[in-house]
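As structure tokens, the structure follows; a few thoughts come after it.
Starting from 1, each residue takes its place in the sequence as its number. Just so it is clear, the structure is predicted and the values come from calculations on it, not from any experiment.
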Amino acid sequence: MSWNQPTITGWTARISNDLSSVTLIDPSHIARATLRPGPGDEFTAHFSRLTRESLAERIDRCGAALRKGVPASLELADGTTGAVTDQMAGRMRRKYKRAEVTLSGRVYTLRHTSGRKATAERDGALLAELVRGRGLRSVSVTRTTHAHTDHLDELILTLFEKVVVPGRSGAVDEFVSSLSGV
């Protein structure tokens with residue numbers, strides 16, 4: 001499955017041709033928000049260790065990703081802006097690798113609970129559970145929703161599914177990977 005396939009509720013994500021922004025589109029094909037990396041930063045690709053492809057090819061195949069620990073901005077179609085951060089810089093433990101979005105007086109958090117799973121919260125209350133598919137570079141995500149969601153919730157859940165992607169390695173795995181140079 002391609003990363004830009006619709007979610008179970010019909011939302012999609014599209015990256016611009018110049019790779020400078022990701023647009024989140026609702027089921028009626030209306031652009032609802034634009035995600036831009038921080039000033040002087042750019043998107044990277046999930047699983048970007050493979051260098052035999054260009055960045056555009058990797059993003060097309062595996063999806064756009066934010067640089068870890070670098071704040072990004074999310075702008076809604078009405079001009080409202082919010083902050084997006086995908087994990088704390090320089091931290092190895094999974095509990096520090098959460099993603100946070102602050103938008104319209106709400107705080108959304110994606111807490112990674114395993115290498116493939118995460119929980120999405122709105123203001124501390126469980127919103128949904130996300131599970132990335134099995135496989136080394138799987139980008140398909142299934143979602144179990146636990147609360148009523150509005151358009152803003154769906155937009156953020158789409159961001160979590162398509163750009164942040166659930167699941168992070170733990171400290172031991174990260175340490176061993178850094179030693180092996182992989």
* Short question: side chain of S16, backbone of S21 - any donor-acceptor pair under 3.5 Å? ->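 Confirmed, S16 side chain pairs with S21 backbone.
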
* Short side-chain to backbone donor-acceptor contact, D123 and V107, under 3.5 Å ->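 Pair found, side chain donor or acceptor close to backbone of V107.
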
* Going only through I, L, V, M, F, W and Y residues with side-chain contacts under 4.5 Å, is there a path from I25 to L155? ->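 Per the 4.5 Å side-chain linkage, I25 and L155 are not co-clustered.
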
* Flag yes if L76 and V163 sit in one hydrophobic cluster, no otherwise; membership is Ile, Leu, Val, Met, Phe, Trp, Tyr, and two members link when side-chain heavy atoms are under 4.5 Å apart. =>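 Yes: a chain of side-chain contacts under 4.5 Å links L76 to V163.
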
Do [X] and [Y] have side chains that approach each other closer than 4.5 Å (heavy atoms only, starting at C-beta)?
X: L157; Y: T9; value: no
X: K162; Y: T7; value: yes
X: Y108; Y: L159; value: no
X: V101; Y: F160; value: yes
X: P27; Y: W11; value: yes
X: I156; Y: L127; value: no

* Asked: By salt bridge (charged side-chain N to carboxylate O under 4.0 Å, His left out), which residues pair with R143, not counting sequence neighbours?
  ->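 Once residues adjacent in sequence are excluded, the partners of R143 under the salt bridge (charged side-chain N to carboxylate O under 4.0 Å, His left out) criterion are E154, E161.
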
* To do: Only counting residues at least two apart or in another chain, list the ones meeting salt bridge (charged side-chain N to carboxylate O under 4.0 Å, His left out) with E129.
  =>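 Applying salt bridge (charged side-chain N to carboxylate O under 4.0 Å, His left out) to E129 gives none.
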
Supply the atom-to-atom distance [X] [atom1] to [Y] [atom2], rounded to the nearest 0.5 angstrom.
X: H146; Y: E121; atom1: NE2; atom2: CD; result: 11.0 Å
X: K117; Y: L130; atom1: NZ; atom2: CG; result: 12.0 Å
X: R36; Y: E75; atom1: CZ; atom2: CD; result: 5.5 Å
X: I30; Y: L24; atom1: CD1; atom2: CG; result: 14.0 Å

* **Pairs touching residues 100-110 that satisfy salt bridge (charged side-chain N to carboxylate O under 4.0 Å, His left out), sequence neighbours left out** => R98-E100, R106-D150, R106-D153

* Matching residue for T23 among T34, T12, L35 - test: side-chain contact (heavy atoms from CB on, under 4.5 Å) -> T34

* Smallest separation among heavy atoms of S20 and P37, with atom names ->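 Answer, listing the atom of S20 first, then P37: O-CD, 3.3 Å.
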
* Asked: So which heavy atom on L110 is nearest to which on A118, and how close?
  -> CD1-CB, 3.6 Å

